[in-house]
Amino acid sequence: MLIPLVIALLLWAAWRHEVFPYKIQMLWVLTPKDWWYPGTTVPVDGDWHGSAARNLYDSAFLVGIVCAAGFFGSWGKISRHYLGRFSPPVRALLAGGMALGALAFVWPEALGLGWDPLPLAVAVLSAVALLTGGFEVFSSPFVVYTLYALITALVVWPFARVGDWKGLWLARRARQNPPAPVPTGPKAPPSQWPELREAGEYPAADRLVAEVAGGRMNDVDVARVRRAWAGTARDGVGRAALVGALLREGAGAAAHPSGDRDLPARTAEHDLFLGQVRIGRYAPAERAPAPYVGAGAALGPALLGTSLLAVGPSGSGKTRALVAPVVESLTLQALTGGCAVVAVGEAGAPLGPDAAYDVVIRLGDPASPHDLDLYAGATDPDEAAVLLAEGLVGDLEGLETRRAATVLAQLIGPYRAAYGRFPTVPVLRELLEAGPGTLQTLLDLLPQDRSATAMRRELESRLRQAGTAGDPGPVLADRLATLDRPVFAEFFGGGGGTGIATGHGKGAGDERGFSLRAVARHPIRVRISLPEGAHEEASRLLNRLILAQFQSVVRDRDRQGQGAGHGHFACLVLDDAAGALTQGTVRALQRLRPQNAGVVLALRTLAEVPEALRGPLLAVVGCRMAFAGIPTWDGRAFADTWGTERFEKTEVAHHTVFADQPMTRFVHFLRKKVTGKAVTTEAVTVREVERERWSASDLAHTVPPGHAVLSLTDVRGEHTPPLLVDLRRGGGA
């Protein structure tokens, strides 16, 4: 600010003392020569034009150097910076003081000051005289005082802008004459239930306010009532029934069918109004955008609707930091009517107590209160065969699922036509291993009328294939044998008869049987415990079967018009998804988003997925999570999926300067002797290059314990880059 001011003062002094270069020549070029004595800038006697031109010439130069000094010295920005620290009245007063100081140099005589004035006023008067042809115009007091006011206004105008005099005047005027308020109705806070009051249901709203004030209403109740109220927006009868229930039961109205209004215990931090659970916080990292650092990382149906894949070795915290909080959040949302959840894991997995679920299935445990329907409540033999084939041979490369489904349908359909129900595991295995004589017995049991013609044709086709070299029946029977064990004798509709003639079990009539189809119809909470120990292959088969069943039942809901935007969100959580993924189930994952459903898949390593499916799996899921400790080959798959980003790279190169002139070489020699360094010049290169967002090595070796790299995509397509998340501060930490 000061350097341009000093330069301006020096230039003005040189101008005033007639030592400014080419000053006279410029004036000669701009004015007629007959105004001056030859070779000078002295006005000719009796000619006022020269004096007026000289005054205007000096003033124009003064205005020019003042404007230039103010521009290069940033006087306006600096003044606003310092004056901005004060309140508007003080700022305006200080600007007025500076304006008075400037006027002291323009009108010193009027203020009784003894120094020479700046030639601004004389310049304006001279310009008017040159334009009007003489000084006679100044005989009018009106013209003279108008010009004086204009000059004063021009001097004061910059200070008025800096002091924001206009804003202060408008604010004062607004306080004196406030605008008339726009007539609007009273806006009640959310705690006063404005949605009910806007509908005229004041008694119901007052009842809920009293419930909250009395501590009889929790966040689950609030979310449930609000969801129920929004769900009856176009149902007058349903809304009237809801209002009546609110008046009678208060916070307990529209309760979950189980009667639960909260979980037995909570371990994570939830926001049921947003439907989210916090799993951690974004950690500071080199590539983390500033808005994300320290922000909470949370998951909800809008994100899980694109499905989530989490990969991390045992002990990395997948279950504790991710699966358990997500399952707890979904069970809470199920109590509000907004979600159905199926949590699948080993019996000892920390997925919450049994009291937090409506249906608990402990496969292989005789004390299990419920059983799993092997066919997911299907009534079509072809659909039941496809589901079962996906679970039995979906991971086999040598046998197509379509062919296996055809073989199963050739047996399941006729059996159902003969007995009125689908076969149990032992019966189906016996049918797959049976020779032509056993199958002929089943054929004889079929009705002889035209209703069973198709089933007879199916079974006859199976009779021709049985025992041939390419018969897939033995392979299917071998796979089904993993479920035909004594530990599963009372499951999958088992128990009862002992042969084909008796139906070999209760089948569809088993009162303990539970079908996953209920998940698509009701906000239900289901916990399925898989067998442990020697039944690892059975657990993998059941994982495949449950995933296929879940995808089928939500797809049926979509066909019935209850997909996205209708009904509740359905989610399947596989705490250990090893062996669960097949070509068919991976392909079906991408269809879950429009069906208002999603899955959470936890894996110890991507090696548990067939190599041909790893790329499609990472491509189809919207949320990906790599925990600390994954191997480099898993990191490479994530790095390829997350891709690259562009950034500016600055390179500085130092080049030694070689001088050609002897004197320059001598100076460089002395400088090198004194400093010990050769004379160099810097070459700065700025390039835009691409780099991996996270490299395989970074994912395998730089992610700290208790952390994970997480990328998210919601159902609308909005996404976040892969960022480091500190999971130790999530949940209840």
Lys NZ or Arg CZ of Arg525 over Tyr357 ring: under 6.0 Å, within 45°: no

Residues two or more places apart in sequence or in another chain: which of them pass side chain to side chain contact (heavy atoms under 4.5 Å, CB included) with [X]?
X: Arg464; result: Glu460, Ser461
X: Pro631; result: Thr605, Trp633, Asp634
X: Thr406; result: Gln410
X: Pro531; result: Leu363, Phe488, His535, Ser539, Leu542

Sequence neighbours excluded, every pair satisfying ring pair (Phe, Tyr, Trp, His ring centres under 6.0 Å) that has a member inside residues 387-412: none

Is the backbone of [Y] close enough, under 3.5 Å, to the side chain of [X] for a donor and an acceptor to pair up by distance?
X: Glu328; Y: Ala268; result: yes
X: Asp260; Y: Asp262; result: no
X: Asn218; Y: Arg261; result: yes

Asp382: partners by side chain to side chain donor-acceptor pair (under 3.5 Å), with sequence neighbours left out: none

Under the side chain to side chain donor-acceptor pair (under 3.5 Å) test, residues paired with Glu400 that sit two or more places apart: Arg402

Going by the side-chain hydrogen bond (donor to acceptor under 3.5 Å, both in side chains) test, which pairs reach into [range], not counting sequence neighbours?
range: residues 330-341; answer: Ser329-Gln333
range: residues 300-319; answer: Thr319-Asp575
range: residues 337-356; answer: Asp354-Arg362

Please tabulate, for side-chain N and O atoms in residues 478-487, each donor-acceptor pair with protein atoms closer than 3.5 Å (sequence neighbours left out).
residue	atom	partner	partner atom	Å
Arg479	NH1	Leu392	O	2.7
Arg479	NH1	Asp395	OD1	2.9
Arg479	NH2	Asp395	OD2	3.4
Thr482	OG1	Arg479	O	2.7
Asp484	OD2	Arg429	NH1	3.0

Residue pair Leu303 / Leu308, side-chain heavy-atom distance below 4.5 Å: no

With no hydrogens and no angle check, just 3.5 Å: does a side-chain donor-acceptor pair link [X] and [Y]?
X: Ser552; Y: Glu383; answer: yes
X: Thr582; Y: Glu390; answer: yes
X: Arg403; Y: Thr401; answer: no

Sequence neighbours excluded, every pair satisfying salt bridge (charged side-chain N to carboxylate O under 4.0 Å, His left out) that has a member inside residues 607-629: Arg604-Glu608

Whether over 12 other heavy atoms sit under 6.0 Å from Glu536 CD: no

Electrostatic pair Asp219-Arg266, nearest N-O below 4.0 angstrom: yes

